[in-house]
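A, B, ... follow the sequence lines: proteins, then strands. Residue 1 opens every chain.
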There are 2 protein chains.
Amino acid sequence: MNLENTQVQMRKGVLEFCILSIIARGEVYASDMLEELTNAKIMVVEGTLYPLLTRLRKAGLVDYKWVESISGPPRKYYTLTDKGNQFLQGLRSTWNELVTSTNTIVNHV
Amino acid sequence: MNLENTQVQMRKGVLEFCILSIIARGEVYASDMLEELTNAKIMVVEGTLYPLLTRLRKAGLVDYKWVESISGPPRKYYTLTDKGNQFLQGLRSTWNELVTSTNTIVNHV
DNA sequence: AAAAAATACTTGGTATTACAAGGTACTTTA
DNA sequence: TAAAGTACCTTGTAATACCAAGTATTTTTT
């Protein structure tokens with residue numbers, strides 16, 4: 001049990017929330033997401049992101065379309081479905097409740 | 001993929017942080033922790049808590065002593081070790097960073 | 001006193017999932 | 001044409017929350 005491992009654990013679940021939030025703002029492809037997550041210091045690697053995107057699509061939360069790139073292979077651009085939008089709203093509540101609950105515990109006098 | 005499942009995922013890792021925080025405030029046994037976590041709306045069941053406490057003890061973060069109860073079987077009262085205290089301080093940083101990072105993503109305009 | 005309920009802790013088994021490592025395919029550059 | 005870059009995918013592993021059932025002790029009920 002080390003700190004790094006716990007950091008990984010803490011991020012689980014939150015990742016899904018972040019990715020759906022990013023897609024909600026406009027069409028993006030995987031590298032866009034990776035860049036934004038990295039900028040926010042939420043470290044994710046391809047091996048995590050791609051399977052997660054596949055899961056989200058199978059769950060009907062996101063959709064994608066192939067778009068030719070002017071410099072490189074085609075990309076999958078993702079968008080949120082109606083269902084994904086509803087789900088995201090639920091996640092916002094869940095996240096806020098988690099933060100509140102956790103702060104209640106750890107700041108308890 | 002459903003909302004409940006994601007709520008579970010979000011809580012992972014945070015649990016460790018909450019439990020160490022509770023133990024840091026004074027000697028408690030498992031039912032005390034369950035009650036406090038439940039009050040804060042962080043749902044945990046025995047099957048989650050006991051293995052987690054065992055992991056924390058094996059990692060040298062917590063220690064316990066048996067104490068006779070005036071009404072029921074003896075209880076394991078937990079305390080934080082020095083190592084556990086240091087670890088908890090690291091978790092505080094990790095938690096604050098996670099909240100900041102996540103809010104950066106999801107509140108991005 | 002025996003049976004039932006309550007309290008407290010423990011233990012397999014399963015499902016989920018982040019990550020490492022390696023792979024496929026296409027495009028651009030040297 | 002070869003090398004480098006870009007983009008997406010897949011297999012295997014480790015960690016761990018939860019379910020379900022079990023053990024042990026004490027208290028309450030019959």
Side-chain angles (χ1 to χ4, degrees), chain A residues 1-20 23 27-35 37-38 42-59 61-78 94 98, chain B residues 1-20 27-35 37-38 42-59 61-78 94 98 101:
Chain A
M1 175 161 308
N2 60 355
L3 193 56
E4 272 181 36
N5 188 23
T6 303
Q7 290 172 334
V8 169
Q9 290 306 314
M10 276 197 181
R11 274 209 332 265
K12 288 185 181 182
V14 175
L15 254 187
E16 216 168 281
F17 179 38
C18 288
I19 287 167
L20 288 174
I23 297 175
E27 297 191 353
V28 282
Y29 74 111
S31 295
D32 289 334
M33 304 181 210
L34 280 174
E35 189 188 341
L37 291 166
T38 301
I42 295 185
M43 298 308 169
V44 191
V45 293
E46 288 188 331
T48 299
L49 183 58
Y50 283 109
L52 177 50
L53 288 172
T54 301
R55 280 203 305 279
L56 293 173
R57 192 186 56 73
K58 280 185 183 160
L61 303 181
V62 301
D63 205 352
Y64 69 83
K65 61 180 178 192
W66 284 101
V67 175
E68 297 290 328
S69 168
I70 50 166
S71 64
R75 304 162 174 174
K76 278 185 175 176
Y77 274 84
Y78 285 86
T94 299
L98 178 70
Chain B
M1 174 162 308
N2 58 356
L3 191 56
E4 273 182 34
N5 187 24
T6 304
Q7 289 172 334
V8 169
Q9 291 305 316
M10 275 197 181
R11 276 208 330 265
K12 289 184 179 179
V14 175
L15 254 188
E16 216 170 281
F17 179 38
C18 288
I19 287 167
L20 288 175
E27 298 191 352
V28 283
Y29 75 111
S31 295
D32 290 335
M33 303 181 211
L34 279 174
E35 190 188 340
L37 292 167
T38 302
I42 296 185
M43 299 307 170
V44 191
V45 293
E46 287 187 331
T48 300
L49 182 58
Y50 283 108
L52 177 50
L53 288 171
T54 302
R55 278 205 306 281
L56 293 173
R57 191 186 56 72
K58 280 184 184 160
L61 303 182
V62 302
D63 206 352
Y64 69 83
K65 60 182 177 192
W66 284 101
V67 175
E68 297 292 326
S69 167
I70 49 167
S71 64
R75 303 163 173 173
K76 278 185 175 176
Y77 274 84
Y78 285 86
T94 298
L98 177 70
S101 294

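Atom CG in B:Leu49 sits about 15 Å away from atom C1' in C:dT11, given to the nearest Å. Regarding B:Leu52, its CG atom lies at a distance of 15 Å from the C1' atom of C:dC9, rounded to whole Å. Rounded to a whole Å, the CE atom of A:Met10 is 19 Å from the C1' atom of C:dC19. The distance from atom CG of A:Leu34 to atom P of D:dC9 is 13 Å, rounded to the nearest whole Å. The distance from atom CG of B:Leu56 to atom P of D:dA15 is 15 Å, rounded to the nearest whole Å. Atom CZ in A:Arg55 sits roughly 17 Å away from atom P in D:dC8 (whole-Å rounding). What separates OH of B:Tyr29 from P of C:dA8 is a distance of 4 Å, to the nearest Å. Look at NZ on A:Lys65: it is 18 Å from C1' on D:dA7, rounded to the nearest Å.
Closest contact between the side chain of A:Leu15 and the listed nucleotides D:dT10, D:dA17, C:dA18 involves C:dA18.
In this model, the phosphate group of D:dC8 is approached by a side-chain N or O of A:Tyr50 to a distance below 4.0 Å at OP1 or OP2.
Along DNA chain C, the nucleotide nearest to A:Glu68 and the one nearest to A:Pro51 differ in position, and the one closer to the 5' end is contacted by A:Pro51.
Looking at residues two or more places apart in sequence or on another chain, you find no side chain to side chain contact (heavy atoms under 4.5 Å, CB included) involving A:Pro73. B:Glu46 is linked by a side-chain hydrogen bond (donor to acceptor under 3.5 Å, both in side chains) to nothing, counting only residues two or more places apart in sequence or in another chain. Qualifying side chain to side chain contact (heavy atoms under 4.5 Å, CB included) partners for A:Pro51, counting only residues two or more places apart in sequence or in other chains: A:Arg55. Evaluation of the side chain to side chain contact (heavy atoms under 4.5 Å, CB included) rule for B:Glu35 yields B:Asn39 as partners, not counting sequence neighbours. Residues meeting the side chain to side chain contact (heavy atoms under 4.5 Å, CB included) test with B:Thr54, sequence neighbours left out: B:Lys58.
Here the straight-line distance linking atom CG of A:Leu15 with atom CG of A:Leu52 works out to 6.5 Å at 0.5 Å rounding.
The heavy-atom pair separating B:Lys76 from B:Trp66 by the smallest distance is CE-CZ2, 3.5 Å.
Within 4.0 Å of A:Ser31, counting heavy atoms only, lie sugar-phosphate atoms of the nucleic acid but no base atom. Residue B:Ile70 is in sugar-phosphate contact alone, with no base atom involved, counting any heavy-atom pair closer than 4.0 Å across all strands shown.
A heavy atom closer than 4.0 Å to some atom of DNA chain D occurs in A:Pro73, A:Pro74, A:Arg75, A:Lys76, these being the qualifying members of residues 71-78 of chain A.
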